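One structure below.
In this text the structure is predicted, and so the values were computed from the model without any measurement. In each ligand, atom 1 is the first atom listed, and ligand 1 is the first ligand listed.
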Amino acid sequence: MCGIVGAVAQRDVADILLEGLKRLEYRGYDSAGVAIVDGQGNMQRVRRLGKVSELAEALLAHPLSGGSGIAHTRWATHGVPSENNAHPHVSCGDLAIVHNGIIENHEVLRDELSRDGYKFTSETDTEVMAHLIHRELSKNEDLLSSVLAAVNQLEGAYGTVVMDRRDPSRLVAARSGSPLVVGLGIGENFLASDQLALLPVTRRFLFLEEGDVCEMTRTKVDIYDRSGTRVERRVIESDLDHDAGDKGQYRHYMLKEIHEQPSAVRNTLEDRLTDRRVIIESFGEKAADIFSKVKNVQIIACGTSYHAGMVARYWFESVAGVQCNVEIASEFRYRKSFVPDNSLFVTISQSGETADTLAALRLAKESGYMASLTLCNVPGSSLVRESDLAFMTRAGAEIGVASTKAFTTQLVSLLMLVAAIGRYNDLSEESEAKLVKSLRSLPSVIESALCLSDDIETMAEAFSDKHHSLFLGRGSQYPIAMEGALKLKEISYIHAEAYAAGELKHGPLALIDNSMPVVVVAPNNELLEKLKSNMEEVRARGGLLYVFADSDARLMQGNNVEVLTLNRVDDLIAPIVYTIPLQLLSYFVAIIKGTDVDQPRNLAKSVTVE
Ligand code: F1P
């Protein structure tokens, strides 16, 4: 969603801000803007509807000089995408502000500020914040205490940075519900909503915590907690690759990330397995003690991460012998739920900042769960910091909005978790050794699945003129069908629905005709014969079948049936492997349709508002 970059330096900061915004483009946005104070104390602001490249062009035509600035990519919540609604917002020509999040009491505050004579030029909740801080500043003349006083009047979520043209040597930032990170330079300092934005200028970061307010100059960073008490935050050296934001030889980040899966999975596994076991301590020092008591697992996640949780449910109950429930965070957080004894609360998130998942974790902490664990791809993110245990999926930076390598590494992490907990329940030493062997085979098995790329590219042509599609699977392949359908929807905008194949007769069969492609994930397992009957039901009604199967499945190519064959793999890891062709299918369909693969319309990479 929205992205923030800020800088105070001796040099001109326009290029640093612009590069930061480009690196945040993957989060999804509809407009962009920058405000810089020049050497004479003038506030200069440029905003554009559309891409950061349009803002860059505007800045090329009219370059901005100055060592203090803030910049933003906006994903509309209050008010349509437009130049007027784009950030930074300015109050009375003096204060500029950028903001991520949603202010829930903005209407009351807007009325109050209008009565005090403030004029509004946008429909945003952010302009309300700008005027509110300005009003405080006119009372006490200190930006830091004005921001503190203003945020105390806000309800909702914010990550915000404020700049005053009358004293551009300092920026003030505040965080509640939307992440902010300080980047430490030498004689210059930076702020951003995501460390990726600042990798070209620094690797040393301080993560602001909930309620923190920060005052930053070129040489000093002071952080205060919600009560105004000075606090220290740990400096973290980032190990993210500087070029994490580079597409390399690939046409799109998504394609690069699909092809990175063998190495991403290798990283996930590295140092975490012995020959026959999963190393429990990889989940944290307290993991063995906690896992030995677990009798129930509650998984909470959103979107693709939720699908990973759905697969894990099959594994937990069949492999570990441990009861497992999975629920979408936005539902869980608003209902009263039952907490069984010895229950582990597990969140899954590539970003670690998803507002609903974070709220669910906070609720769980008050609800009697034994402990919390997050499986996450971003070290230092909110979910990681607030959970008792954290396991990094180590997929590397994922830029494409539609998650690929983050998903498969989540599945790998979950299978390790199943083994670690299973050891204290139904998983024998022999079965764990077999599971470990299968995990180790994954990088090369995924490599072979990627070899189907050309055939899938040809298959994709059949989808380009279609408006609807169905995805079918059974057992642990059902959530994989759901993930396949989600991927196709997200990036090609073709309507796609997934069904557990046994549900066909209970409704969706009515939709089948020769304009409805039906994609089936059909590895040879104990449900294959049932699945074959479901496919016959589709074929008999003129439906078009596109089947991913293995050689042992003995499925014949024929009229209206196209079969692509994968190598036979152990059932346990089959959901991970069958994800690959479905990712490629969506990618190639989107290419033919000419959509924006890496930044699909209306979607965001990090969903920091509920
Ligand atoms: C959940 C999610 C992703 C999806 C997209 C938007 O986020 O739905 O699965 O790919 O990027 O958010 P997270 O909690 O896994 O970060």
Side-chain angles (χ1 to χ4, degrees), residues 1-3 24-29 75 100 177-179 193-194 196 252-254 257-258 261 264 299-312 326-333 345-362 372-387 390-411 413-414 479-480 482-492 496 498 579 582-583 586-587 590 596-610:
M1 286 192 154
C2 308
L24 295 179
E25 281 193 292
Y26 75 98
R27 296 168 68 95
Y29 69 104
W75 189 86
N100 289 357
S178 269
S193 49
D194 182 331
L196 213 55
H252 292 98
Y253 286 110
M254 183 180 178
E257 288 155 6
I258 289 174
Q261 288 177 109
I299 297 180
I300 294 295
C302 302
T304 290
S305 302
Y306 169 69
H307 294 154
M310 293 266 294
V311 175
V326 190
E327 192 166 346
I328 294 161
S330 55
E331 285 300 311
F332 177 84
R333 66 178 287 195
F345 188 82
V346 177
T347 54
I348 311 171
S349 172
Q350 46 89 27
S351 66
E353 301 294 348
T354 303
D356 284 320
T357 311
L358 200 51
L361 170 64
R362 289 176 185 158
S372 57
L373 160 70
T374 191
L375 303 181
C376 186
N377 200 35
V378 180
S381 60
S382 303
L383 281 170
V384 170
R385 281 185 284 110
E386 295 189 27
S387 301
F391 187 86
M392 292 305 128
T393 50
R394 297 190 192 156
E398 189 179 71
I399 309 289
V401 166
S403 188
T404 52
K405 61 176 180 170
F407 176 67
T408 41
T409 54
Q410 283 170 351
L411 289 174
S413 308
L414 282 161
I480 297 307
M482 292 169 77
E483 174 57 13
L486 178 66
K487 242 17 15 141
L488 191 69
K489 268 189 278 223
E490 282 179 314
I491 61 169
S492 76
T579 300
L582 300 187
Q583 294 170 343
S586 315
Y587 175 76
D596 190 344
V597 172
D598 286 329
Q599 292 163 38
R601 66 186 182 201
N602 306 337
L603 298 182
K605 185 73 185 162
S606 185
V607 185
T608 49
V609 295
E610 74 167 292

Modelled atom types, side-chain donor and acceptor of Glu483 and Thr304, under 3.5 Å
yes
Looking at Glu398 and Lys405, does any basic side-chain N land under 4.0 Å from a carboxylate oxygen?
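Looking at Lys405 together with Glu398, the answer is no, because their closest N to O distance does not fall below 4.0 Å.
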Are Phe407 and Tyr306 an aromatic pair by the rule of ring centers under 6.0 Å?
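No, they do not, as the ring centres are separated by 6.0 Å or more.
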Decide yes or no on salt bridge (charged side-chain N to carboxylate O under 4.0 Å, His left out) for Arg333 and Asp356, but give the supporting numbers first.
CA-CA 7 Å; Arg333 66 178 287 195; Asp356 284 320; 2.7 Å; yes
Less than 4.0 Å from some atom of ligand 1, heavy atoms are found in residues Cys302, Gly303, Thr304, Ser305, Ser349, Gln350, Ser351, Thr354, Val401, Ser403, Ala604, Lys605, Val607
Shortest non-hydrogen contact between Ser351 and Cys376, atoms and distance:
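Nearest heavy atoms, Ser351 then Cys376: C-SG, 4.2 Å.
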Kindly indicate, with the supporting measurements, whether the criterion side-chain hydrogen bond (donor to acceptor under 3.5 Å, both in side chains) is fulfilled by Ser382 and Glu353.
CA-CA 6 Å; Ser382 303; Glu353 301 294 348; 2.5 Å; yes
